[in-house]
Structure formats: structure tokens, C-alpha cells
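These notes concern the structure reproduced below.
Here is how names work: the chains are called A, B, and so on, in the same order as the sequence lines, proteins then strands, and each is numbered from 1.
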There are 2 protein chains.
Amino acid sequence: MDSAAQSSPARQPTVKEVAKLAGVSPMTVSRTLAGGKNVRPEVQDRVLEAVHALGYYRNENARSIRPGQASGLIGVAITNLGNPYYGNFALGVEEVAAQYGRRIVLGNTGEDPGRERQLIADLIGRQVEGLIVVPTGDQATHLQPESLRGTPLVLASRSVTGVAADAVVLDDVGGAYRGTRTLLDAGHRRIGYLGNVTSVFTGRRRYEGYLRALEEAGIEVDPDLVRRGQQDVETASVAMRELMDLADPPTAVFSANNRNTIGALKEIGARLNSADGEVGALPAIVSFDDFELAEMMPVPVTVVDHDARELGREAARLLFDRLLGEAEPGRIREIEMPTQVRVVRA
Amino acid sequence: MDSAAQSSPARQPTVKEVAKLAGVSPMTVSRTLAGGKNVRPEVQDRVLEAVHALGYYRNENARSIRPGQASGLIGVAITNLGNPYYGNFALGVEEVAAQYGRRIVLGNTGEDPGRERQLIADLIGRQVEGLIVVPTGDQATHLQPESLRGTPLVLASRSVTGVAADAVVLDDVGGAYRGTRTLLDAGHRRIGYLGNVTSVFTGRRRYEGYLRALEEAGIEVDPDLVRRGQQDVETASVAMRELMDLADPPTAVFSANNRNTIGALKEIGARLNSADGEVGALPAIVSFDDFELAEMMPVPVTVVDHDARELGREAARLLFDRLLGEAEPGRIREIEMPTQVRVVRA
DNA sequence: CTGTTAGCGCGTTCAA
DNA sequence: TTGAACGCGCTAACAG
């Protein structure tokens with residue numbers, strides 16, 4: 001409104017100054033702020049008045065250095081905040097953390113193992129009470145209990161072999177299997193695959209589900225129909241273009257994640273909008289990950305749906321079970337969240 | 001891998017223990033970790049070895065209680081992490097913060113002023129060096145410099161009257177004006193409006209742009225065509241349904257945000273998919289906020305596009321200008337980010 | 001180049 | 001019911 005429009009560090013009032021203004025000792029201020037146990041009500045009023053007058057905030061950092069005092073912080077490391085999937089995931093984590101009076105410190109790793117290492121080290125230095133990590137890659141050393149100096153860890157969405165931590169992942173194999181099955185049941189025999197490389201946990205598992213469905217149907221995989229490694233919408237479009245330009249193109253495509261799905265559909269749209277008319281038969285799509293406006297697509301669409309927010313909630317629940325000592329100490333829990341196959345447009 | 005699968009607080013090694021193991025004083029450890037200035041290289045090696053052996057992490061909280069030592073934390077308060085728009089915004093903030101070696105502490109307000117108040121108080125208690133806030137509502141008291149004890153503040157996406165803080169917002173009025181103009185230019189005369197209530201900053205401004213375009217064209221606003229207050233996709237669909245069911249329905253609709261756009265299009269899709277055939281003319285859509293797969297829609301679509309991530313970056317830049325003392329102390333800066341009208345499908 | 005002293009803001013412990 | 005002393009982990013400032 002007026003004033004010097006916040007600038008400069010602006011010295012921060014401390015308990016001592018509040019105490020002086022209220023005419024009591026720092027201890028009385030501390031006690032009042034802690035709930036007022038064993039402080040005369042009238043004194044409390046004086047203290048709170050002084051707090052208000054000075055705009056005093058308790059220094060949570062100073063507070064947390066004393067042993068036994070927790071920081072109230074949960075560290076969260078995700079790979080890509082710009083992906084709505086992870087935004088919802090973080091929302092779920094935040095929701096449960098708030099219920100337990102904890103705040104989350106969020107970092108983005110951008111799928112870079114180096115940044116992940118650094119981020120986790122920093123979070124530990126900030127005394128987070130626990131960590132929830134969507135791991136990038138398969139490196140396990142920086143996720144070992146020793147490296148984390150015992151900070152409870154929950155892996156989310158992806159697991160890492162060699163890391164003995166609680167984890168909550170999706171039913172990737174089953175979802176991919178059932179998704180691919182719907183294509184087979186519809187009579188498709190040439191089914192393309194768009195997804196992640198197999199060095200990524202989910203990429204590996206979803207491809208496995210795809211394979212399993214094909215094998216069961218007695219179909220041999222055609223390597224020409226498999227495109228892996230596209231991370232974003234643009235490269236996914238290119239991969240889809242290659243599939244559609246094959247001499248013997250697929251009649252349907254299984255897309256293993258949201259980004260590949262959008263890219264594939266954009267390519268379909270591009271062909272539809274190109275004035276050439278004649279586009280021939282367009283492939284049906286099965287998408288692991290739901291997406292908005294799926295029902296508006298010009299081709300048959302089925303999604304393997306799941307709840308990112310609930311995944312976040314569940315990860316947080318696992319963590320708080322540990323923090324509150326309600327989980328069996330020695331036993332690692334791996335939870336698989338269900339996926340639902342939904343025919344959006346036949 | 002093995003071990004007691006992280007449990008219990010697990011006592012944390014301190015400088016003292018590292019010092020003892022390395023056979024030096026705590027100060028030497030501190031100096032080594034601070035860059036090694038004035039420490040013999042061989043001693044540094046011993047120290048780092050001990051650090052590694054003990055799994056020592058410097059306690060950033062203890063570090064930051066000392067005056068002059070910054071916390072390295074930037075507080076970010078956003079309204080809805082589940083909205084991809086804000087996810088990208090946060091990503092932009094994080095990106096710039098990382099460049100300056102800062103971490104972000106992220107909180108979700110859920111459009112609840114009470115939670116916003118509480119969140120900001122907590123962030124200040126954690127000694128954040130600065131705040132970036134997407135404000136909920138028009139309450140200004142908790143955003144005053146006194147309440148923030150001088151912590152630099154940047155408002156993003158929305159501004160608040162009566163708060164003298166740097167702000168970065170969108171060209172809401174201009175974008176809405178130009179978006180509506182494309183409809184008028186295409187010959188539309190009955191143009192519906194879906195958007196936020198006018199008590200919300202962006203709701204107010206985007207409606208103003210819509211109004212301005214209509215007035216300029218000599219068209220009087222029909223209150224029946226204006227629906228405000230829908231916050232999510234479901235209620236937006238209902239509002240759209242009401243518009244389309246009017247005796248004299250609009251031939252086009254201006255949607256003031258992403259959520260309303262998706263809801264409106266879903267309603268159009270529902271009518272298209274209902275087997276009744278005969279759906280009559282479908283309204284053209286102009287959407288403030290881009291959305292994926294816009295080119296696949298069965299009706300003409302124009303978007304008023306902008307870059308959420310860049311908005312986040314710009315907000316962070318304003319903040320760091322203040323923190324680094326590179327901004328003129330007394331002067332408030334309000335930046336309007338440009339919007340681009342793009343015809344996706346005529 | 002290295003160690004000692006002192007103190008950051010707070011809350012536990014003990015004494016009044 | 002209140003206060004004084006002490007120490008949490010860390011690092012400037014000042015010896016040495």
C-alpha cells in the first residue's frame with residue numbers, strides 16, 4: 001500500500017524482542033507460542049499482542065536444529081513438473097503432507113541423474129523428514145540408506161533395482177497387456193508400439209505387457225513396428241509418421257505414455273487436415289495414460305487410465321507410515337496401483 | 001540393498017564428528033566445505049574422506065540461522081498444481097531459481113485464501129529469501145510488506161489492488177479483445193462467454209476485453225449468453241449446455257480459460273456422439289489458454305496463447321533482481337506478458 | 001594455515 | 001507460573 005515497498009533484508013524480530021516488548025522473558029514467549037501451557041492468560045495476551053505488533057514469525061530453521069525437533073519438511077523429487085501427470089502426482093503428495101502438518105520442498109530433475117543426486121543431497125541437508133522420489137535412471141548408490149543417512153525414502157511411479165525402499169508403482173505390465181488385448185480382440189494383427197526405452201522402469205514393463213499380449217495371440221513382434229525413446233510430443237509425431245509410412249503400416253498403435261499419444265494423434269490430425277483428401281485407413285489408438293478430449297478424436301481410442309493424484313497420496317501414506325513408526329521396520333512394501341482400460345471411442 | 005532398510009531418525013553426523021575422524025578442528029571442516037580457501041590440500045583430502053566415510057551432510061538449517069546467511073529457499077504459492085498451466089509456471093520459476101542456486105518450496109492454496117495466509121506465514125517462518133505468489137482473491141493485508149516482514153514478493157498471473165509488489169501478469173484484456181475480434185470478423189453476432197467471476201483478477205480483465213470488442217462492434221451484451229464462475233471442467237460443461245439450449249443460442253463462444261474450454265468442447269462432443277444425428281450448427285470456440293489437440297476439434301477453434309513457463313521465469317527474474325539489489329528500490333514493476341491469437345482450425 | 005571463542009534463535013532442563 | 005542457564009550445528013572474527 002505505502003511504505004518502502006519491501007526491499008532489503010529488513011531485520012527480523014526475535015523472541016527476545018517480543019519478550020522485551022511484552023515485559024516477559026523469552027521463555028514465556030516460547031511457551032505461549034507453543035500452546036500457552038503454564039502461562040497466565042493475561043500474560044499470553046500481552047505476548048500475542050507484541051507478536052502481532054512486531055510482525056514476529058517463529059524461525060522454523062532455528063527451531064529445527066535442536067535434536068528431536070523435526071523440520072516439518074518432506075522432500076519431493078520429480079522428473080518433469082510440466083507434465084500434468086506429475087503435477088497431479090505432486091498435488092496428491094502435498095494433500096496428504098498437509099494433513100500431517102508437513103510442507104513439501106519440490107525439485108525438478110528433468111530426467112537428469114546428476115541433478116537428481118544433487119537435489120537429494122540438498123534436501124537432506126535441509127533436514128527433510130522423508131523423501132519421495134520419481135527416480136531417473138537405474139543408478140542406485142545415491143538412493144542407498146547410507147547415502148540418505150537413514151532418511152525414509154519412497155520411490156514413486158518407477159522402482160530401482162537394488163534399492164530397498166518402499167515403492168508405489170502402476171500395474172504397468174497388466175495395463176499394457178489389457179490395453180493391447182482390446183486391439184487384438186478388435187481383430188488387429190499389425191499393432192505398432194510407441195514408448196520409452198527399456199532402460200526406464202515403466203518403458204520396460206509396458207513393453208513387456210505389449211509383448212505378452214502379442215505372444216499369447218500367437219503373433220510375432222515385427223521390429224519395424226516398434227519405436228522407442230521418444231520423450232516428447234514432437235519426436236513422437238515423427239515416430240508415428242514413420243510407422244504410417246511403412247509399406248505395410250500398422251492398423252493400430254499402442255502408445256505407452258501420454259506424450260507419445262499426443263504426438264501420434266497430432267500426426268493423424270496433420271494427415272487429416274492436409275488437403276490431399278485420400279488418407280486411407282487411420283490406425284486405432286490405445287493410450288497408456290488418459291488424456292483430455294480423447295472422445296473427440298477421429299479414430300478409435302482406448303485409454304489405460306490411472307489416478308496420478310492417488311498415486312501421490314499413496315506414496316505419501318507409505319512415507320508417513322514409516323515416519324510415524326506404523327510400518328514394520330524391516331519389510332519393504334511395493335504397491336501396485338491399478339489401471340483401468342476404458343474404451344473412449346469405438 | 002541390505003541394511004536395516006532406512007528406519008528411525010538415524011543420528012546425523014555433525015562437523016564435530018567429521019573433525020574428530022579427520023583429526024582437525026570443526027573450523028577446518030567448515031572451511032573445507034566452504035571451498036577450501038586457506039586449507040592445505042592434503043588436509044582437505046583427509047576432511048573430504050571423513051565426510052564421505054560418515055555420510056556427512058551440512059545442516060543447511062543450522063547454517064541459515066546465522067545472520068547474513070541466506071536460506072537458499074524461495075517460497076512459491078500457487079492455486080492449483082493439477083492444472084498444467086501452473087505446473088509449467090512452477091517449472092519456469094524452478095528453472096531460474098536453480099540458476100541462482102536456490103531451491104523452491106512449493107505450496108498449493110487450492111484457491112482458498114485461508115490456506116494462502118497460512119502457507120505464506122509458514123514460508124516466512126522458514127526464512128525464504130523471497131516469495132512468488134499466485135494470489136487467491138483480493139485480500140491484501142497478509143501481502144503487505146509489514147506482514148511479510150519485508151520479504152520480497154512477486155505476484156504472478158494475478159495482481160491484487162492495494163499491494164505494492166512487483167507483478168507479472170498476462171495481457172488479459174488485449175488477448176480477450178483480440179480473441180473476440182476474430183469471432184466478430186468471422187461474422188458472428190451472438191457470442192457466448194464462459195469464464196471466471198469478476199472478483200478474480202483475470203476474470204475481470206478477460207471479461208473486459210470481451211466487452212470492449214463487442215461494444216466496438218456496436219453489439220449489446222446479452223446477459224443470457226454470459227456464464228461465469230465455473231471453476232472446473234464439469235461445471236463448465238453444464239454452463240455450455242445451458243448456452244446451447246437457449247432458444248436463440250450463440251453461434252460462437254469465447255472461453256476465458258483452459259478449464260472452461262475443455263468443458264465446453266466436451267459438451268459439444270457429447271452432442272456429436274449422441275446417436276440422435278441432427279445436432280444442428282455447432283458453435284465456434286475461442287479459448288484463452290492453448291490446449292493440446294486443439295487442431296482435432298470438430299468446430300473452428302482459435303486460441304489466445306501464452307507461455308506459462310516464461311511467465312514463471314519472468315516472475316523469478318523480477319524476484320532475483322530485488323534480491324540481488326539490481327532493481328530500483330522504490331519502484332514497483334508490473335509486467336504484462338504478451339498473448340498470441342492463433343487460428344488453429346478455421 | 002589452523003584452532004578458539006562466541007553467538008545466531010530457539011526450547012529443554014532445572015531452579016526459583 | 002516464570003526465568004536462567006545451556007546447548008543444538010554451524011561459522012565469522014579473532015588469535016596464534
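Contact annotation: B:Thr28 side-chain N/O to C:dG3 OP1/OP2 distance is under 4.0 Å. Checking the phosphate oxygens (OP1, OP2) of C:dT12, a side-chain nitrogen or oxygen of A:Gln69 falls inside 4.0 Å. Taking side-chain N and O atoms only, B:Tyr56 has a distance below 4.0 Å to OP1 or OP2 of D:dC10. Distances shown here put a side-chain N or O of A:Ser30 below 4.0 Å from the OP1 or OP2 atom of C:dG11.
Among the nucleotides C:dC8, D:dC10, D:dG3, the one closest to the side chain of A:Lys16 is C:dC8. Of all nucleotides listed (C:dG9, D:dT2, D:dA13), D:dT2 comes nearest to the side chain of A:Val39. For A:Arg63, the listed nucleotide lying nearest its side chain is C:dC10; candidates were C:dC10, C:dG3, D:dC10.
We find that CG of B:Asn59 is positioned 16 Å from P of C:dC10, with the value rounded to whole Å. Separating the CD atom of A:Gln127 from the P atom of C:dC10 is a distance of 18 Å, rounded to the nearest angstrom. Note: CD (B:Gln12) to C1' (D:dC10) measures 14 Å, nearest angstrom. Residue A:Ile65 contributes atom CD1, which lies 13 Å from atom P of C:dT12 at whole-angstrom precision. In this structure, B:Arg126 places its CZ atom 14 Å from P of C:dC10, rounding to the nearest Å. Look at CG on B:Leu33: it is 9 Å from P on D:dC10, rounded to the nearest Å. Distance NZ (A:Lys37) to P (C:dT12): 14 Å, rounded to an integer number of Å. Counting to the nearest Å, the P atom of D:dC8 and the CD atom of B:Glu17 are 11 Å from each other.
Here the side chain of A:Arg149 pairs no donor or acceptor atom with the backbone of B:Gly55 at under 3.5 angstrom. B:Asp166 places a side-chain N or O within 3.5 Å of a backbone atom of B:Arg333 that can act as its donor or acceptor partner. Within the 3.5 Å criterion, the main-chain N or O of B:Leu143 finds no donor-acceptor partner in the side chain of B:Ser147. Of the possible donor and acceptor atoms, one in the side chain of B:Arg46 sits under 3.5 Å from a partner among the backbone N and O of B:Ala22.
For CD of B:Gln118, the number of neighbouring non-hydrogen atoms (other residues, nucleotides, ligands) closer than 6.0 Å is 12 at most.
Counting any heavy atom pair closer than 4.0 Å across all strands shown, B:Asn38 reaches a base atom. Among the protein residues, A:Arg31 comes within range of the nucleic acid bases, having at least one heavy atom under 4.0 Å from a base atom.
Nucleotides of DNA chain D nearest to B:Met27 and B:Ala62 differ in position, and the one nearer the 5' end is that of B:Ala62.
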